[in-house]
Amino acid sequence: MTIPTIRKRADFLAANRGIRVARAGFVLLAQPNGGRGKRFGVTVTKKIGNAVVRNRMKRRFRELLRAALPEAGLPDHDHVLIGRDRGVERDFATMRGELAEALARAAAGKGDPPRRRRPEGRKG
RNA sequence: CCAGGGGGCCGGGCAGCCGCGUCGCUCGCCAGAGCGUCGAGGAAAGUCCGGGCUCCACGAAACGAGGGUGGCGGGUAACGCCCGCCCGGGGAAACCCGAGGGACAGUGCCACAGAGAGUAGACCGCCUGCGACCCGCAGGUAAGGCUGAAAGGGUGCGGUAAGAGCGCACCGGGGCCCUGGCGACAGGGCUCGCACGGCAAACCCCACCCGGAGCAAGGCCAAAUAGGGGUCUCGCGCGAAAGCAGGGGCGUUUCGUCCCGAGAGACCCGGGUUGGCUGCUUGAGCGCACGGAGCAAUCCGUCGCCGAGAUGAAUGGCUGCCCCGGCGGCGUGGGUCGCUAGCGAUACCGCCCGCCGGACAGAACCCGGCUUACAGGCCCCCUGGCUCC
RNA sequence: GCUGCUGUAGCUCAGAGGUAGAGCACUCCCUUGGUAAGGGAGAGGCCGAGAGUUCAAUUCUCUCCAGCAGCA
């Protein structure tokens with residue numbers, strides 16, 4: 001059975017409020033989605049590279065998630081991977097290990113502090 | 001063989017396991033499953049031009065504004081693209097480069113330097129005359145000097161007080177005519193001593209072209225909110241009715257046309273939606289297939305083929321072998337060099353093994369071009385040089 | 001998808017075909033017991049890159065490269 005992907009911008013924004021685990025090649029976000037099963041999505045910004053680099057990174061991340069989520073994924077959660085600079089052509093086996101670690105930490109509820117979208121005292 | 005120039009093409013291949021998207025068939029109540037099928041590029045890129053398609057505006061013509069193009073002929077749906085030719089420039093040649101109309105329609109600019117920068121001009125010179133000691137004054141002169149990107153045709157001879165197209169020959173240039181060419185233009189003849197430098201990617205003039213927006217176009221369905229408020233302008237007349245008067249719009253004008261006709265129009269504020277389906281891929285399509293026209297671009301006919309339709313966006317992950325390049329190895333074969341003559345050194349050429357690397361780059365409605373990026377490789381043609389027959 | 005703007009000294013910006021400038025900042029000197037302020041002097045730039053037009057380009061034209069903004 002295939003795992004559905006996240007297709008709405010609002011769901012991606014909502015994932016920002018969930019558990020956040022950073023690794024060298026990516027950042028994992030996990031957020032409960034109210035009984036819609038395990039889903040995943042991938043975000044790679046223009047900062048990372050051109051279209052070829054971005055698309056390849058997304059494809060490799062999808063492959064990682066398809067392999068890992070059925071066993072280690074959090075039930076009824078949205079999983080979002082955000083690409084980072086060091087994830088470009090990063091060794092696949094290494095990232096597989098990193099994703100397993102990150103999912104384990106997320107399952108245990110141990111995330112990194114959430115990013116501040118608007119620092120205090122500053123106008124956005 | 002070396003150096004150079006032009007054109008065309010490819011841009012990893014094969015296999016295995018696990019996966020993704022479209023379409024078709026089968027099974028299933030549904031969710032879905034199985035099988036088959038097809039699945040990125042030469043630039044898909046930049047968005048610099050030209051179109052198709054869709055909606056908006058529109059009655060047509062003329063004029064105007066703004067923008068673009070600019071040798072000639074052809075090709076094309078069209079183009080600012082392509083082909084051929086002309087002219088100018090570069091190169092020894094093959095070949096390459098050129099926004100390449102007009103400067104007697106007008107306005108303008110040409111800094112600095114320099115005597116003088118566009119109706120020429122007298123600083124140094126040169127010559128003549130006068131006064132006279134170096135020199136000064138007046139006049140003539142554009143051959144020489146200086147400056148500059150550019151000095152008002154060039155060279156030579158004659159001529160002259162010195163000079164000057166002042167005269168002559170040749171070259172350059174303008175005008176007219178003839179011949180060749182569809183034409184740009186070329187060749188020739190006659191004539192004019194030459195009166196008019198450059199810049200139009202300065203304004204401009206001439207010729208030709210152009211309505212606006214873009215698939216988030218546009219259409220359908222569903223859900224939700226609202227069926228609002230404010231300001232201004234014009235108007236609230238006749239008729240039973242059709243309609244007329246009147247008002248407003250169409251860049252302007254003329255004729256005309258559309259809307260309203262008792263409400264209309266313009267602007268602003270406020271509120272809701274960023275779901276699904278469609279458009280969506282068969283088209284100015286592709287073919288190193290054949291025939292024909294043409295120097296070519298390209299066109300015509302016949303035959304054959306269907307080659308992506310995603311939408312948080314599909315072609316991927318891992319592995320093995322092969323191919324190419326680089327690095328390393330007390331690994332080996334050869335070559336070269338050294339000497340104690342069977343050992344040593346090797347930066348040269350192979351083989352084997354190991355490691356690393358294999359460009360630029362991802363369709364987003366679709367075509368034709370241009371431009372830019374690109375590791376490496378293949379093929380064809382041309383020019384020059386060397387060697388051999 | 002479409003459209004517009006910007007790129008000049010370390011920073012913020014002028015400049016309009018011939019010589020590149022201003023303010024702040026920087027260095028040195030004067031002033032002060034010292035600092036700030038003030039005064040004087042000075043350094044700092046292939047004008048984002050490459051072609052073209054022109055005698056001459058930061059300026060005009062074209063092509064790239066960055067960055068920013070707007071519309072649907």
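None of these values were measured; they are calculated from a predicted model. In what follows, every chain begins at residue 1, and chains take the letters A, B, ... in the order their sequences are listed.
Across all strands shown, B:rA284 has no partner, as no Watson-Crick or G-U wobble contact with both distances under 3.5 Å is found. Nucleotide B:rU69 forms a Watson-Crick or G-U wobble pair with B:rA207, both donor-acceptor distances falling under 3.5 Å. Across all strands shown, B:rG197 pairs with B:rC110; the Watson-Crick or G-U wobble distances both stay below 3.5 Å. With a 3.5 Å ceiling on both atom-pair distances, B:rG183 lacks any Watson-Crick or G-U wobble partner. With a cut-off of 3.5 Å on both pairing distances, the Watson-Crick or G-U wobble partner of B:rG98 is B:rC87. Nucleotide B:rG39 forms a Watson-Crick or G-U wobble pair with B:rC20, both donor-acceptor distances falling under 3.5 Å. Base pairing analysis places B:rG237 opposite B:rC244; the two distances defining the Watson-Crick or G-U wobble pair are each below 3.5 Å. Base pairing of B:rA373 is not made with any nucleotide, judged by Watson-Crick or G-U wobble geometry with both donor-acceptor distances under 3.5 Å.
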Pairs of donor and acceptor atoms involving the side chains of residues 100-107 of chain A, under 3.5 Å and at least two apart or interchain, shall be tabulated with distances.
{"residue": "A:Glu101", "atom": "OE1", "partner": "A:Arg23", "partner atom": "NE", "Å": "3.2"}
{"residue": "A:Glu101", "atom": "OE1", "partner": "A:Arg23", "partner atom": "NH2", "Å": "3.4"}

Which pairs of donor and acceptor atoms, one on a side chain in residues 59-74 of chain A, lie under 3.5 Å apart (sequence neighbours left out)?
{"residue": "A:Arg60", "atom": "NH1", "partner": "A:Arg90", "partner atom": "O", "Å": "3.0"}
{"residue": "A:Arg60", "atom": "NH2", "partner": "A:Arg90", "partner atom": "O", "Å": "3.0"}

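The two residues A:Arg54 and A:Thr45 come nearest to each other via the heavy atoms CD-O, 3.3 Å. Looking at every heavy atom in both residues, A:Val80 comes nearest to A:Ala15 through CG2-CB, 3.8 Å. The two residues A:Glu98 and A:Ala24 make their nearest non-hydrogen contact at OE2-CB, 4.3 Å. In this structure, A:Arg84 and A:Ala22 approach most closely via the heavy-atom pair NH1-CB, 4.1 Å.
Spacing between B:rG91 and B:rA3 at atom C1', rounded to whole Å, works out to 15 Å. Here the separation of B:rA186 from B:rC87, taken at their C1' atoms, is 11 Å to the nearest Å. Only the C1' atoms considered, B:rG101 is 29 Å distant from B:rC171, to the nearest whole Å. The separation of B:rU47 from B:rA364, taken at their P atoms, amounts to 13 Å, rounded to a whole angstrom. Taking atom P in both B:rC380 and B:rA296, one finds a spacing of 22 Å when rounded to whole Å. Comparing B:rC49 with B:rG212, their P atoms sit 13 Å apart, to the nearest whole Å. When the C1' atom is used for both C:rU53 and B:rA200, the distance is 11 Å, rounded to whole Å. Comparing the same atom, C1', in B:rG369 and in B:rA149 gives a spacing of 40 Å after rounding to whole Å.
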Using a cutoff of under 3.5 Å, can you pull out all pairs of nitrogen or oxygen atoms linking the protein to nucleotides 308-312 of chain B, with atom names and distances?
{"residue": "B:rG312", "atom": "O2'", "partner": "A:Ile6", "partner atom": "O", "Å": "2.2"}
{"residue": "B:rG312", "atom": "N2", "partner": "A:Val42", "partner atom": "O", "Å": "3.3"}
{"residue": "B:rG312", "atom": "N2", "partner": "A:Thr43", "partner atom": "OG1", "Å": "2.7"}

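With B:rC318, B:rG362, B:rC18 as the candidates, the nucleotide lying closest to the side chain of A:Arg60 is B:rC318.
Listed by residue number, the members of residues 66-93 of chain A with any heavy atom below 4.0 angstrom from RNA chain B are A:Arg66, A:Phe92.
With sequence neighbours left out, A:Asp91 forms a side chain to side chain donor-acceptor pair (under 3.5 Å) with A:Thr94. Annotation: side chain to side chain contact (heavy atoms under 4.5 Å, CB included) contacts of A:Val88 (sequence neighbours excluded): A:Ile48, A:Val53, A:Met57.
Shown here, B:rG307 is classed syn by the O4'-C1'-N9-C4 or O4'-C1'-N1-C2 angle, which is within 90° of 0. For B:rG42, the O4'-C1' to base torsion is within 90° of 0; the nucleotide is therefore syn. For B:rA217, the base is anti relative to its sugar; the glycosidic angle deviates from 0 by more than 90°.
The nearest whole Å value for the distance from the CD atom in A:Glu63 to the P atom in B:rC18 is 13 Å. Here C:rA66 presents its C1' atom at 16 Å from CG of A:Asn50, a figure rounded to the nearest Å.
Paired runs in RNA chain C that reach 3 or more consecutive Watson-Crick or G-U pairs, where each pair keeps both distances under 3.5 Å, cover C:1-7 with C:65-71, C:10-13 with C:21-24, C:26-30 with C:38-42, C:48-52 with C:60-64.
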- Could you please spell out the steps behind the side-chain contact (heavy atoms from CB on, under 4.5 Å) verdict for A:Leu81 and A:Phe40? CA-CA 8 Å; A:Leu81 281 191; A:Phe40 71 86; over 6 Å; no
